Amino acid sequence: MPHDKASGATPAGPCVLVIFGAAGDLTKRLVMPALYNLARARLLPHEFAIVGFDLADDTVESWKKSFREMLDQFIAGSNGDGKVDEEVWNWITDRMSYLQGDLNRSESFEQLKAKLEEIDGSAHTGGNYLFYLAIADRFFSVAVDQLGKSALACEKDDQWRRVVIEKPFGHDLASAKALNRQILTVLKERQIYRIDHFLGKETVQNIMLFRFSNGLVEPIWNRDRIDHVQITVAESVGVEKRGHFYERTGALRDMVPNHVFQLVAMTAMEAPNSFDADAVRSEKAKVIDAIRDLKPQDVAACAVRGQYKGYRQEPDVSPQSEVETYTALKLNIDNWRWSGVPFYIRTGKKMKARKTQIAIRFKETPVALLRETAQPPNWLLLRIQPDEGISFEFGAKIPGPATQLGDVRMDFKYEDYFGTAPATGYETLIYDVMIGDQTLFQRADNIETGWATVEPILEYWGSHRPENFPNYAPGSQGPKAGDDLLTRDGRAWRTISG
Ligand code: BG6
């Protein structure tokens, strides 16, 4: 029976989850705690098994031990009672096994195949396999190739085979296209689940529901009423221990074509005909496709890069590094809804505070009623994280004999209405793969349009050295050039505050 999430979530059907990169950080920090949460919510099927696959010389016992350590930390850091639910723990660990294997060796895949057949026989998992590639991106195509050669990717009768691919999906347009081309020789698009973990965030999923399920919102959501949009994805942390990765990546590649464009697409898309995966993904692709192409001569005016002071001293970072840790862009969306409404986006490390927010600035009234007093602007704020919620800022009369306006704010906080359940953000994504719902995953064209849009900037930056790196202080609002991007248009960023 197909799962209808609108009428509540029910346990997924029988399957085996194979995690490539079982000993890695992502598996430990996010995938396994998410599985625990799913088990706790009774959303995993009874006929379920997890196979950890990794080059590391682990055993199922050592794998369980490191899972337990991580889970204890995760539970202690969340708002629950601080204890692991032992019944759930036993349920899940009873279903775990480990296979030491090498992605490059076909023998390892033969062993995996034999193991999966054995599990199907004993746990009645029905030959349905979910392969989770929690591995370095250079191994994505190797793993998919092996799944093809060993026939593990081959669906037959009622047996499904699905592959989850983490980011980064490509390094630029050419490499993303090449990867798509390669994996599509083995898999059908309907078998591929390209993860963008921002889509696992409740508040990101809510953007679409807020817009299209409230009659009040859509009539004002266009160029007639909106002056401009600001999207901020600010982090207070630096590159931490990821210098090696970041030196090849930088802020633009790391955050913009994927996470930030998801926020742009959710904010700017037309209403899909349904919540069907392809209906939603097609509308999102259309928005990103409508972003005006930047000509090389426009890049300097519309794209800013910055580097925080101290980045060059981080581990695994070159002392002469010219990699950006901040970027701000002005985007124009050339369609009927948004023509003339700039979308300013910024993302950076080591900024004043951790804040992901979409701020919609409405146009002023045609005539100011009170000429002597400043008219407060109207802002709608979608707070993605932290302090998840939605606020509306507007002007109200300050009580008293004078006729003056003050800035006030109506506030909705998720916490007040729905409480907070400990979650990693991967629960919905993993559950969706199990039930075969691709809505929250990137289709090949979504990925390629994202890369195509940033390609001119990557090219321009690749051939023009940054002039003044490092150019912003840790804990600041970012470089001055980021502010100038808006000042030139007579606008200003909202202040990032902690
Ligand atoms: C990742 C980036 O995809 O997203 C990181 O590689 C970044 O550099 C992270 O810190 C931000 O995600 P979140 O969920 O912490 O906001």
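Numbering of ligands and ligand atoms starts at 1, following listing order. This one's a predicted model, so the numbers in the text were calculated from it and none came from an experiment.
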Listed pairs under 3.5 Å, donor-acceptor, residues 229-237 side chains, sequence neighbours left out:
from: Gln230; atom 1: OE1; to: Arg494; atom 2: N; distance (Å): 3.0
from: Gln230; atom 1: NE2; to: His228; atom 2: NE2; distance (Å): 3.1
from: Gln230; atom 1: NE2; to: Ala492; atom 2: O; distance (Å): 2.8
from: Thr232; atom 1: OG1; to: Arg346; atom 2: NE; distance (Å): 2.9
from: Thr232; atom 1: OG1; to: Arg346; atom 2: NH2; distance (Å): 3.2
from: Glu235; atom 1: OE2; to: Lys349; atom 2: NZ; distance (Å): 2.9

Can you give me every donor-acceptor pair (side chain of residues 186-193, partner residue at least two apart or in another chain, under 3.5 Å) with its distance?
from: Glu189; atom 1: OE1; to: Arg194; atom 2: NH2; distance (Å): 3.2
from: Glu189; atom 1: OE2; to: Arg194; atom 2: NH1; distance (Å): 2.7
from: Arg190; atom 1: NE; to: Glu155; atom 2: OE1; distance (Å): 3.3
from: Arg190; atom 1: NH2; to: Glu155; atom 2: OE1; distance (Å): 2.6
from: Gln191; atom 1: OE1; to: Lys188; atom 2: N; distance (Å): 2.8
from: Gln191; atom 1: NE2; to: Ala153; atom 2: O; distance (Å): 2.9
from: Gln191; atom 1: NE2; to: Arg161; atom 2: O; distance (Å): 3.0

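To the nearest 0.5 Å, atom CZ of residue Arg162 and atom OH of residue Tyr129 are 14.0 Å apart.
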Protein N/O near ligand 1 N/O, under 3.5 Å, which pairs?
from: ligand 1; atom 1: 3 (O); to: Lys167; atom 2: NZ; distance (Å): 2.8
from: ligand 1; atom 1: 3 (O); to: His259; atom 2: NE2; distance (Å): 2.7
from: ligand 1; atom 1: 6 (O); to: Lys167; atom 2: NZ; distance (Å): 3.0
from: ligand 1; atom 1: 6 (O); to: Arg242; atom 2: NH2; distance (Å): 2.8
from: ligand 1; atom 1: 6 (O); to: Asp254; atom 2: OD1; distance (Å): 2.6
from: ligand 1; atom 1: 6 (O); to: Asp254; atom 2: OD2; distance (Å): 3.3
from: ligand 1; atom 1: 8 (O); to: Arg242; atom 2: NH1; distance (Å): 2.9
from: ligand 1; atom 1: 8 (O); to: Asp254; atom 2: OD2; distance (Å): 2.6
from: ligand 1; atom 1: 8 (O); to: Lys349; atom 2: NZ; distance (Å): 2.8
from: ligand 1; atom 1: 10 (O); to: Glu235; atom 2: OE1; distance (Å): 2.5
from: ligand 1; atom 1: 10 (O); to: Glu235; atom 2: OE2; distance (Å): 3.3
from: ligand 1; atom 1: 10 (O); to: Lys349; atom 2: NZ; distance (Å): 3.1
from: ligand 1; atom 1: 12 (O); to: His197; atom 2: NE2; distance (Å): 3.1
from: ligand 1; atom 1: 14 (O); to: His197; atom 2: NE2; distance (Å): 2.8
from: ligand 1; atom 1: 14 (O); to: Lys201; atom 2: NZ; distance (Å): 2.5
from: ligand 1; atom 1: 16 (O); to: Gln385; atom 2: NE2; distance (Å): 2.7

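Ring geometry for Phe392 against Phe362 counts as perpendicular: the plane angle is over 60°, on a 0 to 90° scale with 30° as the lower cut.
Here the side chains of Ile333 and Val341 are not in contact, with every heavy-atom distance at 4.5 Å or above.
Judged as a side-chain hydrogen bond (donor to acceptor under 3.5 Å, both in side chains), the pairs with a partner in residues 450-470 (not counting sequence neighbours) are, in order, Glu322-Arg465.
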